[in-house]
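What follows is a set of notes on a single structure, which appears directly below.
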Amino acid sequence: MYGLGGILLFLLGVWSFLVHDGLLRKLIAINVTGAGVFHVFIAVAYRGLDAAPDPVPHALVLTGIVVAVSATALALTLGQRLERPDD
Amino acid sequence: MGVRHSLIIGLLALIGATLAWVYWDALIGHAGTRLAGLALERVPESGVSNPVTAVLLNFRAYDTLLELAVLLAAILGIWSSGPEARGFLPAGPVLGALTSWVVPLLILAAGYLLWVGGHAPGGAFQAGALLGAAGVVLRLSGEPSAGLPPLPWLRVGIGLGVLIFTLTGLALMALGQGFLTYPAASAKWLILMIETAATLSIGATLAAAYLAGEPVPARSTTQQPGGTRP
Amino acid sequence: MTNLLLAFDLLLSLTLVGLAAAALTSREPRRAVILFIAFGLLLALVWARLRAPDVALAEAAIGAGLAGALMLAAARRAARGARGPGGSESSAGQD
């Protein structure tokens, strides 16, 4: 069920990315898409309440989160630079 | 709207159905060798007892090194796009007092998470994020440098993680091990050293990213009216 | 017990997707960003439920906290910029 939720998040994000415009909204859409992918990973790693979950997807998601936020910061800065009135 | 919109939605529904099918198929699981068992089995040899830290810094250390390099590349891109944005007004007394409480606590919590990452949830990324958050709080309360050191030191700081990581790997190679293959006896301390460097540079990078540009070295005009209305 | 857990999971998932939809469909930048932060925090909660505390910590601190702070600053700048040329927006914050 959680995996399906992740797929749903992914689809919502892609839809919003395609349909809406404006840098900030597109960025939020991309982030939601990524969150959906992470969510699927975490759901795949889950092995029930009593069993230890799979650590490999967890590590992948951990690095993924940091990369996502750095990409977001870079995109925001570039967008802001584009909108700056001088030059 | 109209045809194009419904086309997009239809296509997405198709993709979604395919993904759900693949996910379901993977969940049912054709029994093969799974990485999970392999990884969990070898955690005791890795020098730490938290499986996620073991995977991050021992089994898949390459990924983590390259991920730090991605952070470095991102901050370089941000810096090359221009000078930093304007700071905020200095904080009022209440916010100032709160900041002077919160920031030391954040730094303390970061140190705790870094240390505890070896055997419980925590680790370099979380600790670095807390350090970065401390920088953001400082910046929001009007401290223009966000608590970051002056530019030359900052440059060292953001490169530190990649530098220490790579040097450790090369030193291990010189000693006849593989690149980033830790000998079991010293694995814990090597991992801790790399994590410390990584924490510092993740924290510095994230706080610097919040400035949205390259820090201006001599900010003489700190009392620029924060309004800066057009 | 199992039924209770199932109901809890269902509630969490529905709220999660609902929050994401709300964040994606809201027109006002600041509102969208705040909804996105709420979404990130709830996501961290769900991951803690799925026995991934490391990732939940990182998501709460980085995904929700830092990304939210970055986007809020950007939204603020955008609102300030849009106020000049006959801004299409009444959203310019009062703070």
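Below, chain A is the first sequence line, B the second, and so on; all start at residue 1. The figures that follow rest on heavy atoms only: side chains count, while hydrogens, waters and symmetry mates do not. Predicted model only: the values in this text are computed from it and were never measured.
- In this structure, chain A has heavy atoms under 4.5 Å from both the backbone and the side chain of C:L10.
- The residue among C:V46, C:L14, C:L12 with the most heavy atom pairs within less than 4.5 Å of chain A is C:V46.
- With a 4.5 Å cut-off on side-chain heavy atoms, C:F39 and A:L9 count as touching.
- In terms of non-hydrogen atom pairs under 4.5 Å with chain A, the most contact-rich of C:A52, C:A23, C:A73, C:A74 is C:A52.
- A distance of 4.0 Å separates CE in C:M71 from CG in A:N31, rounded to the nearest 0.5 Å.
- Side-chain atoms of A:R25 never come within 3.5 Å of backbone atoms of C:P29 as a donor-acceptor pair (strictly under, hydrogens ignored).
- Listed options A:L76, A:L8, A:V66, A:L23 were ranked by heavy-atom pairs under 4.5 angstrom with chain C; first place goes to A:L76.
- Using a 4.5 Å cut-off between heavy atoms, C:L50 contacts chain A through both its backbone and its side chain.
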A:H39/C:L16 under side chain to side chain contact (heavy atoms under 4.5 Å, CB included): CA gap, chis, key distance, verdict: CA-CA 11 Å; A:H39 197 51; C:L16 196 65; 4.0 Å; yes
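- Residues A:L12 and C:L24 share a closest heavy-atom pair of O-CD1, 3.7 Å.
- Considering every non-hydrogen atom in both A:V32 and C:A20, the closest pair reads CG1-CB, 4.2 Å.
- Shortest non-hydrogen contact noted between A:I65 and C:G63 is CG2-N, 4.2 Å.
- With chain C as partner, the option from A:T77, A:I28, A:V69 having the largest number of non-hydrogen pairs under 4.5 angstrom is A:I28.
- Considering only heavy atoms from C-beta on, A:V61 stays 4.5 Å or farther from C:E59 through its side chain.
- Both the backbone and the side chain of C:V33 come within less than 4.5 Å of a heavy atom in chain A.
- Minimum heavy-atom separation, A:A35 to C:L43: CB-CD2, 3.6 Å.
- The two residues C:A75 and A:L24 have their closest heavy-atom pair at CB-CD2, 3.8 Å.
- The contact between C:T25 and chain A is made by backbone and side chain atoms together, counting heavy-atom distances below 4.5 Å.
- A:Y46 is listed as a side-chain neighbour of C:R49, based on a closest heavy-atom distance under 4.5 Å.
- Of all the listed residues (A:G5, A:A68, A:P53, A:G34), the one sharing the greatest number of non-hydrogen pairs under 4.5 Å with chain C is A:P53.
- Here CG of C:L66 is found 11.5 Å from OG of A:S70. Values are rounded to the nearest 0.5 Å.
- Within the 4.5 angstrom heavy-atom criterion, no atom of A:F17 approaches chain C.
- Proximity to chain C (any heavy atom under 4.5 Å) is shown, for A:H58, by both the backbone and the side chain.
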